[in-house]
Amino acid sequence: MMIGYPCSNLTVGCSASRTFRLASFSPERLSETVNASLDCLETILQWNADHGIGFFRISSDTVPFASHPVMTVDWRAEFGSRLAEIGSFVRRHGMRLNCHPGQYILLNAPNEEIVARSIAELDYTAALFDLMGLDHTHKMQIHTGGVYGDKPAAIARFIERYHQLPEPIRRRLVIENDERQFSLADNLAIHEATGIPLLFDVFHHSLHHNGESIGEALDRFMPTWDGHGLPSMDYSSQNPDKQAGAHTVSVRLDDFGSFFEQLGDRDVDIMLEIKDKEASVLAVQRWLASRTAGNPAAVAG
DNA sequence: TCTGGTCAAGGTGGT
DNA sequence: ACCACCTTGACCAGA
């Protein structure tokens, strides 16, 4: 089991998700920005290695505008060797990376142009992993998409488009249950038709489900990962000061503890979607260590 | 140097 | 009809 965090580290003092406005695009600006982001990504991964953190989400802005028509630069050639070095570090340390392309990825949109732009963006993300030399267990997670007033039709369109995806995308793509539209049960139907692994977001599940307990949900999502590495989850909890669905500022160990009880001896990688990032990962690591020390039998295996 | 408005893209629910 | 939210903050113009 590895505990991870997304995109930025608040300790190291740099950002690995630098970008710029579309209007500011130039080849020079691109080089400067991407190289600075990759410098920081190396810093973060080293920091992670030093702190025993093996799971990390890279920003979908690692190469800004990579799938946009403005991109005339051969970014794969320009940054390929740096990405290969980073990938080599990741493999050497037994780390796992993940990426979460944005809300504009809609494989089941009725509009074919939106689908084409979505595939272009996924193609870029898959290329990042390919250039890093990372295998298909390093996943790109997206939401299933829009409902467009007819969920069965939206699911059917997703399945149809999935079968047409280029292999570098298909082997890394996973879908996540969301808090409003596509529940775990909806995604299971898609999994049965496609074999796509399902990334389980336990917080979204608590807000939108079909009556399954957490234990039942875990037992259903985990087998969808056969052959894809350790099943991967997103974890957050409710920010008590904000509207339902808002992520908490810092991990609530009581809430995590009750989740961990339900997890039992199941082995998963857990991405903490929490505002204070690596601080919560360290807090969970300390909690797990103290729990193991206090009750060795409980976490064995 | 600081800050508030704005940023490629779409869908959805709330006002 | 419009705005905020989601992904995750970061850029940038103007003071």
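Hydrogens, waters and symmetry mates play no part in the numbers below; they use all other heavy atoms, side chains included. In the text below, chain A, chain B and the rest are named by the order of the sequence lines, each starting its count at 1.
A perpendicular orientation is assigned to the rings of A:Tyr5 and A:Phe56, their planes being inclined by more than 60° (bins at 30° and 60°). Relative ring orientation between A:His136 and A:His228 is described as perpendicular, the plane-to-plane angle rising above 60° on a 0-90° scale split at 30° and 60°.
Spacing between atom CG of A:Asp178 and atom P of B:dG13 amounts to 10 Å, rounded to whole angstrom units. The separation between A:Leu107 atom CG and B:dG11 atom P is 13 Å, rounded to whole Å. Spacing between atom CD1 of A:Ile274 and atom P of C:dG9 amounts to 12 Å, rounded to whole angstrom units. What separates CD1 of A:Ile142 from P of B:dG11 is a distance of 14 Å, to the nearest Å. Look at CD1 on A:Ile114: it is 14 Å from C1' on B:dT12, rounded to the nearest Å. Separating the CZ atom of A:Arg180 from the P atom of B:dG13 is a distance of 7 Å, rounded to the nearest angstrom. In this structure, CG of A:Leu207 is placed 13 Å from C1' of C:dC6, rounded to the nearest angstrom. Rounded to whole Å, the distance from CD on A:Glu179 to C1' on B:dG11 is 12 Å.
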Any chance you could encode DNA chain C as dot-bracket? Rule is Watson-Crick or G-U wobble with both distances under 3.5 Å; [ ] for pairs crossing earlier ones, | for another strand. ||||||..|||||||
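Using a cutoff of 4.0 Å between basic side-chain nitrogens and carboxylate oxygens, A:Glu261 and A:Arg291 are scored as salt-bridged. In this structure, A:Glu112 does not pair ionically with A:Arg117, as no charged nitrogen and carboxylate oxygen lie closer than 4.0 Å. Salt bridge present: A:Lys151 and A:Asp186 bring a charged side-chain N and a carboxylate O closer than 4.0 Å. Salt bridge status for A:Glu176 with A:Lys139: absent, with no side-chain N to carboxylate O gap under 4.0 Å.
Nucleotides B:dT6 and C:dC3 place their P atoms 11 Å apart, quoted to the nearest Å. One P atom belongs to C:dT8, the other to B:dG4, and the distance between them is 25 Å to the nearest Å. Using C1' as the reference atom, B:dT3 and C:dC6 are 25 Å apart when rounded to the nearest Å. Between C:dA4 and B:dG5, the distance separating the two P atoms is 11 Å to the nearest Å. A distance of about 26 Å separates the P atoms of C:dA1 and B:dA8, rounded to the whole Å.
Stacking here means ring centres nearer than 5.5 Å and ring planes tilted less than 30 degrees, and by that measure A:Tyr104 stacks onto B:dA9.
Of the candidate nucleotides B:dT12, C:dT8, B:dA8, B:dT12 has the atom lying nearest to any side-chain atom of A:Val147.
For the 3.5 Å distance criterion, the side chains of A:Asn210 and A:Ser183 qualify, holding a donor opposite an acceptor. Remark: the A:Ser67 side chain and the A:Glu121 side chain contain an N/O donor-acceptor pair separated by less than 3.5 Å.
Near DNA chain C, meaning a heavy atom under 4.0 Å from it, residues 30-65 of chain A has A:Arg57 in order of number. Contacts between residues 16-26 of chain A and DNA chain B, defined by a heavy-atom separation below 4.0 Å, involve A:Arg21, A:Leu22, listed by number.
Under the salt bridge (charged side-chain N to carboxylate O under 4.0 Å, His left out) criterion, A:Asp130 pairs with A:Arg171, A:Arg172, sequence neighbours left out. A:Arg76 pairs by the salt bridge (charged side-chain N to carboxylate O under 4.0 Å, His left out) definition with A:Asp123, not counting sequence neighbours.
Between A:Gln181 and C:dC6, a side-chain N or O to OP1/OP2 separation shorter than 4.0 Å is absent. For A:Lys277 and C:dG9, the shortest distance from a side-chain N or O to OP1 or OP2 is below 4.0 Å.
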For residues 252-260 of chain A, run the donor-acceptor check on the side chains, cut-off 3.5 Å, and write out each pair with its distance to 0.1 Å, sequence neighbours left out.
unit_1	atom_1	unit_2	atom_2	d
A:Arg252	NH1	A:Gln238	O	2.7
A:Asp255	OD2	A:Tyr235	OH	2.3
A:Ser258	OG	A:Asp255	O	3.0

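Checked against the 6.0 Å centroid threshold, A:Phe20 and A:Phe65 count as a close aromatic pair.
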